[in-house]
Amino acid sequence: MEYTDKLLGAVQHNKTVLCVGLDPNPDLIPDSIKEDFPEAERYVEQFCAEIIDATQDYCCAYKPNLAFFEALGPGGLNVYERVTRRIPGDKIIISDAKRGDIGSTAEQYKKAYFDRFDADAVTLNPLMGFETLDPFTGDSSRAIYSLVLTSNPGANDLLLRRFEGRGSLAEYIADQLRRKMELSKTHIGMVVGATYPADIKGVLSAYPTASLLIPGIGSQGGSTADLYSILAGHQGIPVVSSSRSIIYAGSGKNWKKGVAESAGKMNRELEKISRLYI
């Protein structure tokens with residue numbers, strides 16, 4: 001099945017565009033889990049498993065962040081693999097790796113995330129050149145989400161500066177990705193932060209059919225109302241990612257209730273956007 005078909009199916013089946021980010025910070029994991037699972041690898045895995053259990057009724061995708069698993073040490077990738085296997089089959093799995101390197105190295109990243117870990121999609125950084133995406137472009141069942149306009153303040157350092165006659169470097173990257181998609185079997189999507197609504201329109205105009213991974217809603221302050229007006233004319237399918245504001249919403253022994261309530265609240269806030277695709 002082509003990635004865009006699987007993505008649309010996940011959105012329509014789950015009736016939402018919400019993506020839950022799995023960023024398991026050991027310092028923020030509830031003490032009740034740490035008491036039962038004293039080793040970091042075990043309590044991180046259990047935390048993620050319970051997050052998935054608490055949120056699966058409210059989302060269409062999960063985005064495990066590799067940094068939090070790699071920080072566990074030698075066994076961290078094993079934890080990542082076991083966590084992704086717990087994700088229900090009706091969800092999209094986006095490995096948040098943000099990798100970007102020369103061809104021979106990128107080929108190994110492709111083997112890791114697509115072949116070994118069987119992710120549906122992976123986030124990549126194109127700033128070493130668009131050739132770094134090439135090893136990932138041969139599989140129509142997968143997608144890459146290239147960083148284009150990130151949600152952090154550092155986007156002002158490079159991505160929002162004028163470049164090559166474009167309004168911003170982000171717009172230039174989007175245009176180059178559109179051109180690259182013409183020769184790619186793998187779907188090439190874009191990471192576009194909701195924290196810069198005034199700048200998103202130019203990016204989407206440069207690549208109007210891209211699937212979108214949209215961070216910045218929730219803890220980073222992005223607005224769902226702004227996002228709806230921007231997405232209403234876009235042809236690609238978005239998933240809107242929220243991590244900390246969901247997975248750390250609970251406290252005490254009943255922390256999972258707070259997580260589920262936060263995921264449900266975000267789902268409802270995104271309902272107007274979700275209806276564009278279901």
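Because the structure is predicted, anything quoted here is derived from the model rather than measured.
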Evaluate the side-chain proximity of [Y] to [X]: yes if any heavy-atom separation is below 4.5 Å, no if none is.
| X | Y | value |
| --- | --- | --- |
| I144 | Y3 | no |
| P30 | F47 | yes |
| L270 | M266 | yes |
| Y145 | I188 | no |
| V44 | I29 | yes |
| L159 | L147 | no |
| L213 | S241 | yes |
| I246 | L18 | yes |

Write down the atom of [X], the atom of [Y], and the distance for their closest heavy-atom approach.
| X | Y | answer |
| --- | --- | --- |
| A206 | R166 | CB-NH1, 4.0 Å |
| L8 | I237 | CB-CD1, 3.6 Å |
| L124 | P126 | O-CD, 3.8 Å |

Any ion pair linking [Y] and [X] (charged N to carboxylate O, less than 4.0 Å)?
| X | Y | answer |
| --- | --- | --- |
| D199 | K201 | no |
| E2 | K185 | no |
| R85 | E45 | no |
| D120 | K6 | yes |
| D36 | R42 | no |
| D57 | K15 | no |
| K265 | E261 | no |

Examine [X] relative to [Y] and say whether NZ or CZ is less than 6.0 Å from the centre of the six-membered ring and inside a 45° cone about the ring axis.
| X | Y | result |
| --- | --- | --- |
| K91 | Y62 | no |
| R178 | Y207 | no |
| K34 | Y43 | yes |

[X] side chain to [Y] main-chain N or O, any donor-acceptor pair under 3.5 Å?
| X | Y | result |
| --- | --- | --- |
| T132 | G100 | no |
| R161 | D157 | yes |
| Y248 | N25 | yes |
| T123 | K98 | yes |
| N14 | T16 | no |
| H13 | C60 | no |
| T186 | F136 | yes |
| S32 | K253 | no |
| S262 | V259 | no |
| Q176 | Y172 | no |

Enter the distance from [X]:[atom1] to [Y]:[atom2] here, rounded to the nearest 0.5 Å.
| X | Y | atom1 | atom2 | value |
| --- | --- | --- | --- | --- |
| L133 | S184 | CG | OG | 8.5 Å |
| C59 | I92 | SG | CD1 | 11.0 Å |
| D118 | S95 | CG | OG | 9.5 Å |
| Q46 | E39 | CD | CD | 13.5 Å |
| D23 | K63 | CG | NZ | 5.5 Å |
| N125 | D101 | CG | CG | 10.0 Å |

Exercise for the section: Check the pair V148 / V191 against side chain to side chain contact (heavy atoms under 4.5 Å, CB included), numbers first and verdict last. Expected result: CA-CA 6 Å; V148 176; V191 178; 5.8 Å; no

Exercise for the section: Check step by step if salt bridge (Lys or Arg N to Asp or Glu O under 4.0 Å) holds for E107 and K110. Expected result: CA-CA 5 Å; E107 175 65 28; K110 189 275 294 184; 3.7 Å; yes

Cluster overlap [X] with [Y], hydrophobic side-chain contacts below 4.5 Å:
| X | Y | value |
| --- | --- | --- |
| L77 | V83 | yes |
| L66 | F68 | no |
| M190 | L276 | yes |
| V240 | Y277 | yes |
| I52 | L28 | yes |

Exercise for the section: Could you walk me through whether F69 and Y80 pass the ring pair (Phe, Tyr, Trp, His ring centres under 6.0 Å) test, one step at a time? Expected result: CA-CA 6 Å; F69 296 93; Y80 163 83; 5.7 Å; yes

Practice task
Using only heavy-atom distances, determine whether the side chains of R99 and Y113 contain a donor-acceptor pair under 3.5 Å.
Solution key: yes

Exercise for the section: Tell me yes or no: between the side chains of Y196 and N156, is some donor less than 3.5 Å from an acceptor? Expected result: yes

Practice task
Could you walk me through whether L7 and S211 pass the side chain to side chain contact (heavy atoms under 4.5 Å, CB included) test, one step at a time?
Solution key: CA-CA 9 Å; L7 175 61; S211 295; 3.7 Å; yes

Practice task
Would you sort out whether R142 and D115 count as a salt bridge (Lys or Arg N to Asp or Glu O under 4.0 Å), showing the intermediate values?
Solution key: CA-CA 11 Å; R142 316 281 181 172; D115 301 342; 5.4 Å; no

Practice task
Mind running side chain to side chain contact (heavy atoms under 4.5 Å, CB included) on I217 and T195 for me, showing each step along the way?
Solution key: CA-CA 7 Å; I217 295 292; T195 47; over 6 Å; no

Problem - Check against side chain to side chain contact (heavy atoms under 4.5 Å, CB included), L149 and I200 - result: CA-CA 8 Å; L149 179 57; I200 294 177; 4.2 Å; yes

Exercise for the section: Could you check I230, V239, V17, L231 and say which one makes a side chain to side chain contact (heavy atoms under 4.5 Å, CB included) with I214? Expected result: L231

